[in-house]
Q: 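This structure is in structure tokens; I'll ask about it shortly.
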Amino acid sequence: MEKKNIDWENIGFGYQPTDYRFEARWKDGKWDEGKLVTNPNIELSEAACVLHYAQCCFEGLKAYTEKNGDIVTFRPDQNGKRMQDSAKRLEMPTFPVDKFVDAVKAVVKANAAWVPPHGTGATLYIRPVMIGSGPQIGVAPADEFIFRIFVMPVGAYFKGAVKPLKLTVSNYDRAAPHGTGGIKAGLNYAMSLYPTMEAHRHGYAENVYLDPATRTFIEETGGTNIIFVDKEGTIVVPQSPSILPSITRRSLVDVAKDLGMKVVERPVKLDEVKDMAECALCGTAAVLAPVGMIHTEEGDIYLPSGMDEMGPVSKKLRETLTGIQGGDLPDTRGWICKAW
Ligand SMILES: *Cc1c(COP(=O)(O)O)cnc(C)c1O
């Protein structure tokens, strides 16, 4: 198979239509077989539920070329499970996890020419998305749904990802108490678009959202979880029902334990940040990106790890996780899933 002629080292993080996508349709109370299709566009009713009432959830995962040339994905079953949780909360039909994993593999295989080679720093980003496509004007769930999985090659999510980022604490919330913060709903992102652009306009890479009920605890950014390292070297992971359960974060916690590090998962007050040694953002797209400074109403908090480099603990975690994903380190937990 001949690879596409792409400057792999210099691709950004953006949409690029590739050759094939998977599509399944829900109608008359059941999913059809699903198949690979070539058309990147979807024709929809003007009254499609997704267009008015945001009945939409999605996922994000990646395929990697291993050192030995195998093309693999990372824990796709976890994305399949999480998408079921999202679908249930939004009154959408669940897509079976085994079929989800098979469909992910089929799309990756069909687009093998687009999977970046090992060692380029680029990966194939995989985007499953489900929408309520049936027409609906009275407020109710759709009766027809479209599930798609499409892929594109991507580079780093944050430009210069190993340079520490500047964040700001948002005056807005991305999720309501007892709302949808814990699922991967498109509507959570609609809530974060304005605050994200405000943060960018003021020179910050992202917002830190606080817990919506008391605004005293750290939640996450618009699209990544946050982890800290305290001065004793313990990994401190904020806990809250409105934080999206990141698979990257859960994997990093296991990696940290395997490396003999201590991990605590508990609510973390904004007040505690000044006592932390390191802070980093984690998610599939960003992997693990260091934070150098957080702007708050009481002033700027600079992490002791500085503005030039990633802190040593974050660096070790990032190298270990990317090492497992790229096949340079052994996969002792069965996280790696061969595409064929
Ligand atoms: C997808 C997402 C993450 C990251 O989750 P991963 O499973 O690690 O990719 C974090 N926060 C939010 C709000 C998300 O939507």
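In what follows, every heavy atom counts, from backbone to side chain, and hydrogens, waters and symmetry copies are set aside. These figures come from a predicted structure and were not determined experimentally. Read the numbers this way: they start at 1 and go in the same order the structure lists the ligands and their atoms.
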Q: Could you tell me whether N79 and ligand 1 have an N or O pair separated by under 3.5 Å?
A: no
Q: Any carboxylate oxygen within less than 4.0 angstrom of a Lys/Arg side-chain nitrogen, looking at E220 and R174?
A: yes
Q: Of K81, R148, R82, which is the lone residue that meets salt bridge (Lys or Arg N to Asp or Glu O under 4.0 Å) with E59?
A: R82
Q: Rounded to the nearest 0.5 Å, what separation is found between the CD1 atom of I294 and the CD1 atom of I226?
A: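 Taking CD1 in I294 and CD1 in I226, the distance rounds to 6.0 Å.
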Q: Which heavy atom of Y204 sits nearest a heavy atom of H295, and at what distance?
A: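 It is OH-CG, 3.3 Å.
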Q: Please confirm whether S251 comes under 4.0 Å of ligand 1, counting heavy atoms of the residue only.
A: no
Q: In plain terms, say whether D85 and K184 are close enough for a salt bridge, that is, a side-chain N and a carboxylate O under 4.0 Å apart.
A: no
Q: For R250, state whether at least one heavy atom is located under 4.0 Å from any atom of ligand 1.
A: no
Q: Could you find the nearest protein heavy atom to atom 1 (C) of ligand 1 and give me its residue, atom name and distance?
A: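 In this structure, atom 1 (C) of ligand 1 has K184 NZ, 1.4 Å as its nearest protein heavy atom.
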Q: Would one find an N or O of T221, backbone or side chain, under 3.5 Å from an N or O of ligand 1?
A: no
Q: Which residue and atom name correspond to the protein heavy atom nearest atom 11 (N) of ligand 1, and how close is it?
A: E220 OE1, 2.6 Å
Q: Hey, which atoms in ligand 1 end up nearer than 4.0 Å to a heavy atom of G222?
A: 13 (C)
Q: With a cut-off of 4.0 Å, which atoms of ligand 1 are near a heavy atom of R174?
A: 13 (C)
Q: Work out which heavy atom in L288 is nearest to a heavy atom in S314; give both atom names and the distance.
A: CD2-O, 3.2 Å
Q: Look up atom CZ in R75 and atom NZ in K62, then write down how far apart they are to the nearest 0.5 Å.
A: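 Going from the CZ atom of R75 to the NZ atom of K62 covers 15.5 Å.
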Q: Please report which non-hydrogen protein atom sits nearest to atom 9 (O) of ligand 1, along with the residue it belongs to and the distance in Å to one decimal place.
A: T284 OG1, 2.6 Å
Q: Around atom 3 (C) of ligand 1, find the nearest protein heavy atom and jot down its residue, atom name and distance.
A: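 Atom 3 (C) of ligand 1 sits closest to the protein heavy atom G223 O, 3.4 Å.
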Q: Quick one: which ligand 1 atoms are inside 4.0 Å of a heavy atom on N225?
A: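 Under 4.0 Å from N225, ligand 1 has these atoms: 10 (C), 11 (N).
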Q: May I ask you to check whether over 12 heavy atoms, not counting those of Q239, lie within 6.0 Å of atom CD?
A: yes
Q: Using a 3.5 Å cut-off on N or O atoms only, is Y189 in polar contact with ligand 1?
A: yes
Q: Taking atom NZ of K269 as the centre, report whether more than 12 heavy atoms of other residues, nucleotides or ligands fall under 6.0 Å from it.
A: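 Atom NZ in K269 is not crowded, with 12 or fewer foreign heavy atoms closer than 6.0 Å.
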Q: Within the 4.0 Å heavy-atom shell around T224, which atoms of ligand 1 are there?
A: 10 (C), 11 (N)
Q: Using non-hydrogen atoms of the residue, decide whether Q78 is closer than 4.0 angstrom to ligand 1.
A: no
